[in-house]
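Quick note on labels: first sequence line is chain A, next is B, and so on, each numbered from 1. Bear in mind that the values here come from a model prediction, so they are computed numbers and not experimental data.
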2 protein chains.
Amino acid sequence: MALDSRKKQVLNAIVDDYVSTYEPVGSKSLIERHNFTVSSATLRNEMAELERMGLIEKPHTSAGRIPSDKGYREYVDSLLRYDDLSDSERNDIENRISGSVNDITDLIRTATDTLSERTGFVSLYMSPRLHKSFLKQLKMLMIEPGKALVVIVLSAGVVRDKVVRIPNFLTGEQIMQISDSVEQNLTGKPLDEITLVTVASSMKAADIPDAMMNQIVYEAYTAIKQADSLNIYLEGENKMLQLPDFGELTKARNLLDSLSNDGMVAGYVNELHPIDDVNDDSFMIRIGQEITLDGLQDCSFITTTYKIGDDISGNIGVIGPKRMEYQKVISQINFVRKTLNDKIKKLTE
Amino acid sequence: MALDSRKKQVLNAIVDDYVSTYEPVGSKSLIERHNFTVSSATLRNEMAELERMGLIEKPHTSAGRIPSDKGYREYVDSLLRYDDLSDSERNDIENRISGSVNDITDLIRTATDTLSERTGFVSLYMSPRLHKSFLKQLKMLMIEPGKALVVIVLSAGVVRDKVVRIPNFLTGEQIMQISDSVEQNLTGKPLDEITLVTVASSMKAADIPDAMMNQIVYEAYTAIKQADSLNIYLEGENKMLQLPDFGELTKARNLLDSLSNDGMVAGYVNELHPIDDVNDDSFMIRIGQEITLDGLQDCSFITTTYKIGDDISGNIGVIGPKRMEYQKVISQINFVRKTLNDKIKKLTE
DNA sequence: GGTTAGCACTCTTGTCGCCCGAGTGCTAAC
DNA sequence: GTTAGCACTCGGGCGACAAGAGTGCTAACC
């Protein structure tokens with residue numbers, strides 16, 4: 001299992017060549033492209049060994065080798081992750097993200113778009129996990145008889161709203177009154193401590209029949225909970241069609257079909273980042289068969305975490321072909337994450 | 001130019017066959033599939049004539065004929081548009097759309113999704129053109145110093161909001177005061193009569209320095225105007241990859257690239273429906289080269305109008321391959337539109 | 001004059017055989 | 001342990017060939 005340094009070198013060279021040429025790499029071309037001090041025959045022996053170890057494989061008998069998923073894994077694990085970007089790259093990213101300054105969601109989306117643009121792959125963000133954020137304001141506005149708008153302002157400046165149904169006979173006055181009492185009692189509470197019961201008890205002030213009250217409680221509750229629902233945003237799906245990796249129509253279809261199932265992808269990314277630790281800045285990398293999500297076995301997931309304040313985090317990352325320049329992509333994500341965190345900090349203080 | 005009835009019959013038969021088989025249709029197979037009372041040789045003569053008229057063409061010398069764009073056009077124009085759907089189809093559509101009952105936007109989106117699902121093509125809706133709708137409510141909520149949420153309720157129950165920047169020192173009280181005065185003065189006004197000037201004059205009540213005031217006026221104004229911006233929603237892009245029409249990768253790419261340019265498509269659809277007549281229930285059909293939108297020349301656009309109340313309308317429709325069952329698709333759109341209009345009516349009264 | 005049978009012609013599609021080149025594994029020598 | 005050499009394998013490209021579908025045209029028919 002332990003790779004001696006030459007095997008490592010050979011593996012890395014194979015991955016590098018394959019990534020840049022998309023052609024199985026043979027012993028001879030390996031010699032030509034890299035300064036190996038040994039002959040192609042020796043490399044052939046090494047390659048046979050690497051194949052026996054399951055790190056590379058042949059598409060057919062008389063072809064060169066391509067990395068297996070395990071090979072990519074070995075390669076990726078041996079990377080120095082945080083390659084420096086050039087100044088111009090940094091500037092580009094920073095300028096791009098600085099462009100949108102209003103809303104925190106805009107900011108995250110812009111960062112994600114930047115990522116897709118710069119890598120040429122699909123990028124994604126997960127909406128921030130807000131269960132630890134606390135309620136700052138809650139207003140209910142009467143829109144018309146039977147309908148109200150619930151506006152929720154959370155810590156860190158996240159704003160959500162929802163149109164809800166209310167009993168027909170309620171007046172704007174009464175709604176305001178209810179809304180005020182809820183706000184007064186729930187402000188400062190983290191979302192995950194807000195339950196149907198706490199909402200109900202926060203409302204008991206008004207003099208409205210119980211049955212009606214229950215409806216309002218329920219609507220307000222769902223409006224609040226909806227603010228914490230998990231959303232994913234994907235950008236750049238079409239770009240993947242430009243890649244030779246998805247040059248076969250069936251593969252392209254497969255990929256786009258799988259990606260169009262937002263919910264599944266969101267669930268998977270969520271699983272990848274289970275620990276709710278805002279300061280965890282590790283990268284999650286899943287390659288090919290490692291991905292337990294139907295139809296994306298020709299891809300790699302690379303995701304990491306952004307944060308809002310001290311309690312709230314979400315994820316951002318890239319879905320690309322297995323055959324990607326991992327070092328570069330990781331560096332990009334890393335710098336985008338850093339820039340994004342900075343901008344969020346500036347925006348929320 | 002005038003087609004005698006047999007030529008018409010031949011053309012229709014060719015289109016029908018080509019649509020269902022995606023193969024150039026020859027004189028012999030035409031005889032086999034349809035009850036022509038003449039021989040294949042006669043049909044060959046007719047077909048030669050149709051080709052001379054530019055209605056059909058040959059991919060190459062020894063192949064059958066396929067309809068040209070002009071041929072499709074002739075075919076479509078001769079259709080009895082509103083084919084009845086089967087009861088089960090109607091029920092399916094109605095149930096699907098009845099499922100979403102809360103928000104008017106949800107309703108329209110569901111109708112659009114239904115359209116894509118049932119046709120297997122891309123469906124779209126344009127957000128309602130709201131310039132004739134009038135302001136029912138406008139509230140500004142202080143979120144934190146320097147930031148407010150503008151909530152706008154329009155006639156027909158459309159709700160929009162936007163986070164805006166405000167001068168830092170303004171208090172919640174002052175914001176409320178401003179918001180109330182604006183609301184009082186602008187309520188009942190159609191959006192297209194609201195200008196920077198009317199907003200400004202509606203606000204003069206409060207005692208705030210002019211320079212500050214200008215900022216608020218501007219922000220409120222853009223929030224209002226943004227409510228009227230033209231949006232498009234596309235659904236089912238990936239489904240197009242299942243069609244043989246886009247079986248070549250370059251075509252598939254082209255299509256998806258073009259469709260991903262939302263703004264262009266929105267602009268085009270908007271051009272197709274220039275007259276702001278809510279009761280106009282005509283269909284706009286654009287086929288192949290008729291489409292003046294880069295990269296969609298293998299497609300057909302079929303769009304029509306839905307309405308909200310007496311003044312507000314938007315568009316809904318389908319983008320599919322030229323080679324589609326026009327009669328069926330048009331019928332589907334027609335019934336979806338009808339169902340949607342009904343549901344909207346119920347929701348808004 | 002419109003219609004039809006017949007026929008020569010065209011062009012695509014699929015298949016088969018062939019060769020070339022790149023790459024491999026193995027052996028024997030260094 | 002390394003290397004040169006060699007026989008072997010396999011995919012891709014190319015041309016030849018046959019089959020099949022369709023056409024246009026001509027000459028005969030009603």
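With sequence neighbours excluded, the residues forming a ring pair (Phe, Tyr, Trp, His ring centres under 6.0 Å) with B/Y125 are B/Y233, listed by chain and number. With sequence neighbours left out, the salt bridge (charged side-chain N to carboxylate O under 4.0 Å, His left out) criterion links B/E49 to B/R52. Not counting sequence neighbours, the partners of B/R337 by the side-chain contact (heavy atoms from CB on, under 4.5 Å) test are B/D281, B/F283, B/T304, B/N334, B/N341. A search for side-chain contact (heavy atoms from CB on, under 4.5 Å) contacts involving A/D92 returns A/R118, not counting sequence neighbours. B/D245 is linked by a salt bridge (charged side-chain N to carboxylate O under 4.0 Å, His left out) to B/R323, counting only residues two or more places apart in sequence or in another chain. Residues forming a ring pair (Phe, Tyr, Trp, His ring centres under 6.0 Å) with A/F335 (at least two apart in sequence, or on another chain): none. Every residue two or more places apart in sequence or in another chain that forms a salt bridge (charged side-chain N to carboxylate O under 4.0 Å, His left out) with B/E117 is listed here: B/R96.
The distance from atom CG of A/D17 to atom P of C/dG23 is 11 Å, rounded to the nearest whole Å. Protein atom CG of B/D4 is 11 Å distant from nucleotide atom P of C/dG2, rounded to whole Å. Nucleotide C/dC26 holds its P atom 11 Å from the CD atom of A/E51, rounded to whole Å. The distance between atom CD of B/E49 and atom C1' of C/dG2, rounded to the nearest whole Å, is 13 Å.
For the contact set between residues 20-46 of chain A and DNA chain C, defined by any heavy atom under 4.0 Å, the members are A/G26, A/S27, A/R44.
Residue pairs meeting the side chain to side chain donor-acceptor pair (under 3.5 Å) criterion with at least one member in residues 290-300 of chain B, sequence neighbours excluded, are B/R73-B/E290, B/S300-B/Y326.
Of the candidate nucleotides C/dT24, C/dT3, D/dG24, C/dT3 has the atom nearest to the side chain of B/R6.
With pairs defined as Watson-Crick or G-U wobble and both atom distances under 3.5 Å, the stems of at least three pairs that touch DNA chain C come out as C:1-30 with D:1-30.
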Would you be so kind as to tabulate the donor-acceptor pairs closer than 3.5 Å made by side chains of residues 24-33 of chain B, with sequence neighbours excluded?
unit_1	atom_1	unit_2	atom_2	d
B/S27	OG	B/R44	NH1	3.2
B/S29	OG	B/G26	N	3.4
B/S29	OG	B/G26	O	3.1

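Within the 4.5 Å cutoff, no side-chain heavy atoms of B/I291 are placed close to those of B/I287.
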Please write out the pairs of protein N or O atoms and N or O atoms of nucleotides 10-13 of chain D separated by less than 3.5 Å, giving the distance to one decimal.
unit_1	atom_1	unit_2	atom_2	d
D/dC10	O4'	A/S62	OG	3.4
D/dC10	O2	A/S62	OG	3.0

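A side-chain N or O of B/S116 and one of B/K239 form a donor-acceptor pair less than 3.5 Å apart.
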